[in-house]
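Reminder, nothing fancy here: chain letters follow the sequence lines and each chain counts from 1.
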Protein chains: 2
Amino acid sequence: MSTTTDRLLDAAESAMRLRGYHAVSFRDLADELGIKSASVHYHFRQKEDLGLALVGRYSDRFFTTLEAHAVQSQTPKDRLSAYCKTYRQALRASDKMCLCGLLGAETCGLPDRLRSAVAAFFDANISWVAKALPTNLPARHRKAKAAQIVATLQGAMMLATSLRDPKTFDAAANALLADL
Amino acid sequence: MSTTTDRLLDAAESAMRLRGYHAVSFRDLADELGIKSASVHYHFRQKEDLGLALVGRYSDRFFTTLEAHAVQSQTPKDRLSAYCKTYRQALRASDKMCLCGLLGAETCGLPDRLRSAVAAFFDANISWVAKALPTNLPARHRKAKAAQIVATLQGAMMLATSLRDPKTFDAAANALLADL
DNA sequence: GTCTATAATTTGATAGAC
DNA sequence: GTCTATCAAATTATAGAC
């Protein structure tokens, strides 16, 4: 049985992954749960607090799922495949953008702490991918390759969302994997 | 000497490429130009009209610049290099996201016609890149590869914006070009 | 924890004078 | 083309009762 806080997080995540930070209001969320917007403020004092909780939960869940997918991957190729799979699931399970992909694009319109939290998610992504790459590559090379991989998957989610065609994600992700 | 309409488009483009559609108001733009928000409605009846004009102008300018860069490119590699260069310039000249990259992420929160205009920009992008690829590849393959290339550059702009580090774009774009 | 009530501000938009 | 004046609605947020 989920608490009101959890239900609020679920509703907010769904809405923000579709429309972005500024297009989601406390009233929207309250209506969806059948409560009043003042009650939402009991769970999250400010909208910024809601955003921070959202990014924290999203990031934790993402890396937990990623580790589960990668746990028995031996080769670099297997680990990168697990990474792609985690993104694919995030998109295809719900037909929604990556929360951080959307917030990252809106970055300059976000409160400072939220902006930092999103940036931290991407730092962690790039680090994870860089570590998964073959160890014989120079560190500089690995970081650039990792940025390319993260960028491709994030951009592919955005394209699939804008074009309303999830297959666009698969096309881009598979073309990427074929090169690795 | 630019007209008020042009100055409004400039101000709106800059603001929306930083913060997104919903975080930009007619009053913001009016203040920036030293006029009243009611006057903005003379130039653009609704916010949606402003958005449409913005995407139209952005798309025209993008493809004009792209053709200028690609005009004397003979090989597929040269044409794709020109494509990357056009994105790089868009980002590095102003340290701002691609307008359509940001609106594409916010897609579900946008008015229908605006959403379609953004999707058309990406359709045109993918078609352009697919045509630039080596003609010996099967059409299906080319479209997937084109989606990968567009996705990488769009994702790289988002990453560079979120991380506040333009070099992240170059790292991802160069790693992409190295594979082509 | 949720409510009513309310404040303060912002927003998109219109009517009509100049 | 720009202004004043105004509107209705929405938004974030708080105080205090239950």
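- Here the P atom of nucleotide D/dT11 and the CG atom of A/D31 are 10 Å apart, to the nearest Å.
- Crowding of B/H141 atom NE2: a count of heavy atoms from other residues, nucleotides or ligands under 6.0 Å not exceeding 12.
- Residues A/S116 and A/F121 are not in side-chain contact: their nearest non-hydrogen atoms beyond the backbone lie 4.5 Å or more apart.
- Distances shown here put a side-chain N or O of B/T4 below 4.0 Å from the OP1 or OP2 atom of D/dT2.
- Less than 4.0 Å separates DNA chain D from no heavy atom of any residue of residues 8-18 of chain B.
- Closest to the side chain of B/R27, out of D/dT2, C/dT4, C/dA13, is C/dA13.
- Listed in residue order, the members of residues 39-51 of chain A having a heavy atom less than 4.0 Å from DNA chain D are A/H41, A/R45, A/Q46, A/K47.
- Between B/L133 and B/P76 the shortest side-chain heavy-atom distance does not fall below 4.5 Å.
- Within 6.0 Å of NZ in A/K143 there are 12 or fewer heavy atoms belonging to other residues, nucleotides or ligands.
- Residues B/A38 and B/T5 each lie close to DNA chain D; by heavy-atom proximity, the contact nearer the 5' end of the strand is made by B/T5.
- The distance from atom NZ of A/K36 to atom P of C/dA5 is 10 Å, rounded to the nearest whole Å.
- Residue B/S25 places no side-chain N or O under 4.0 Å from the OP1 or OP2 atom of C/dT10.
- Across the protein-nucleic acid pair, A/F26 atom CZ and C/dT10 atom C1' stand 17 Å apart, rounded to whole Å.
- Inter-residue side-chain proximity for A/T86 and A/F63 is flagged as unmet; no heavy-atom pair is nearer than 4.5 Å.
- No side-chain heavy atom of A/L102 sits under 4.5 Å from any side-chain heavy atom of A/M158.
- Looking at heavy atoms from C-beta onward, A/L180 lies in side-chain contact with A/I149 at the 4.5 angstrom threshold.
- The neighbour count for B/K77 NZ, taken as heavy atoms of other residues, nucleotides or ligands under 6.0 Å away, is above 12.
- Between A/W128 and A/Y83, the ring planes lie parallel to each other; the angle is under 30°, not in the 30° to 60° tilted range.
- Note: NE2 (B/H22) to C1' (C/dG12) measures 13 Å, nearest angstrom.
- Distance, A/L29 CG to D/dA10 P: 15 Å, rounded to whole Å.
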